[in-house]
Visitor: 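Dumping the structure here so I can ask a few things about it.
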Amino acid sequence: MSLKRKVAIVTGGNSGIGKAIALELAAQGANIVIDYVVHPEATEDEEKQIRAMGDQAIGVQADVSKVEDLQLLIDKAVEAFGRVDIMVNNAGVETRTSTLDTTEAQYDKVMNINLKSAFFGTQLAAKQMIKQGGGGRIINITSVHEDWPMPGNTAYCLSKGGMRMLTRTAGLELASQNILVVGVGPGAVETPINVSTMQDPVAMQKLKEAIPLGRMAKSKEIASVVAFLAGDGASYMTATTVFADGGLMHSSPGL
Ligand code: BGC
């Protein structure tokens with residue numbers, strides 16, 4: 001129970017990797033603020049699962065692409081639990097469109113939900129952590145595509161590349177306050193964002209061949225890395241990204 005009584009906010013916390021992170025942090029003893037936009041019933045169900053573990057949880061409906069909603073999220077966390085120790089900027093979307101195809105609306109959506117939310121989520125959480133004192137952890141869920149191009153998914157790659165530099169730059173700026181900023185870069189994970197791939201046997205075959213471990217990750221395998229980074233064992237890690245990708249970024253046919 002290394003996170004006993006810590007308070008964690010997880011954006012996009014009621015599905016996919018976000019849900020797994022919320023449950024894993026709760027399993028380590030943290031009280032959880034689940035941010036979500038749709039599916040209040042899924043959030044309620046998750047709150048019950050967390051309470052059954054002996055922790056507290058609240059759901060907050062907030063669109064993290066808007067700064068005022070992010071502030072509401074922080075305010076609700078402080079109102080319910082008195083502080084914020086761990087901020088997980090997880091909410092993310094992709095359009096799977098190329099440089100030539102991407103519309104202005106698609107570009108704005110991806111950049112606002114993925115990057116703008118992480119930037120202001122970091123800013124507002126850090127302000128709260130400074131106010132309360134004692135440091136904190138900010139964990140940005142990026143992707144292998146913070147560094148590795150994905151042709152046909154350009155805006156997504158841009159947003160994740162931006163999160164990479166947010167992690168590094170804010171990590172340096174906030175180090176003196178003992179607020180550690182780290183990224184977690186998953187590869188292909190069995191989540192709603194990847195349903196189109198999971199339903200396409202040809203794409204699945206290609207993916208499995210490209211991943212040295214030969215399979216997609218379960219969300220829990222990403223959440224366990226986040227829990228480690230939120231805990232005492234990661235007290236000397238900041239301004240960097242940990243990749244959990246089954247070797248994907250470094251796969252090579254040996255040519
Ligand atoms: C993307 C997926 C992609 C995976 C591996 C993830 O970040 O969301 O679309 O399949 O990376 O390339």
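Any value given below was found using the heavy atoms of this structure, including those in side chains, with hydrogens, waters and symmetry copies removed. Positions are given from 1 along the sequence. Counting starts at 1 for both ligands and their atoms, in listed order.
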Visitor: Is the closest heavy atom of Arg96 to ligand 1 under 4.0 Å?
Guide: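 Yes; Arg96 lies near enough to ligand 1 that a heavy-atom distance drops under 4.0 Å.
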Visitor: Students should be able to answer this: which protein heavy-atom is nearest to atom 10 (O) of ligand 1, and at what distance?
Guide: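 For this ligand atom, the closest protein heavy atom is Asn194 OD1, 3.5 Å.
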Visitor: So is Ser143 polar-close to ligand 1, meaning N/O to N/O under 3.5 Å?
Guide: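 Yes: some nitrogen or oxygen of Ser143 is under 3.5 Å from one in ligand 1.
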Visitor: Kindly check if the number of other-residue, nucleotide or ligand heavy atoms within 6.0 Å of CZ (Arg5) is above 12?
Guide: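 No, CZ of Arg5 has 12 or fewer neighbouring heavy atoms, counting only those of other groups under 6.0 Å.
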Visitor: For Asp69 versus Asp63, what's the shortest heavy-atom pair and its separation?
Guide: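 Shortest heavy-atom contact: OD2-N, 2.7 Å.
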Visitor: Measuring from non-hydrogen atoms of Thr197 to any atom of ligand 1, is the shortest distance under 4.0 Å?
Guide: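 Contact absent.
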Visitor: Hey, does His145 come in under 3.5 Å of ligand 1, counting only N/O atoms on both sides?
Guide: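 Yes - when backbone and side-chain N and O of His145 are compared with those of ligand 1, one distance drops under 3.5 Å.
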Visitor: Between Asn112 and Ser65, do the side chains contain a donor N or O and an acceptor N or O under 3.5 Å apart?
Guide: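 Judged by distance alone, the side chains do not pair up.
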Visitor: Could you check atom 6 (C) of ligand 1 against the protein and tell me its nearest heavy-atom contact, residue, atom and distance included?
Guide: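 Nearest neighbour among protein heavy atoms for atom 6 (C) of ligand 1, to 0.1 Å: Tyr156 OH, 3.7 Å.
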Visitor: Going by the atom numbers of ligand 1, which of them fall below 4.0 Å from some non-hydrogen atom of Glu94?
Guide: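 Ligand 1 atoms under the 4.0 Å threshold to Glu94: 1 (C), 2 (C), 8 (O), 9 (O).
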Visitor: Would one find more than 12 heavy atoms of other residues, nucleotides or ligands at under 6.0 Å from atom NZ of Lys116?
Guide: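 Yes, the 6.0 Å shell around NZ holds more than 12 heavy atoms from other groups.
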Visitor: Hey, could you give me each pair passing side chain to side chain donor-acceptor pair (under 3.5 Å) that has a residue in residues 178-191? Not counting sequence neighbours.
Guide: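 Of all non-adjacent pairs touching residues 178-191, those that pass side chain to side chain donor-acceptor pair (under 3.5 Å) are Glu190-Lys218.
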Visitor: Donor-acceptor pair, distance only, cut-off 3.5 Å: does the side chain of Glu47 make one with the backbone of Gly59?
Guide: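 Looks like yes, one N/O pair under 3.5 Å.
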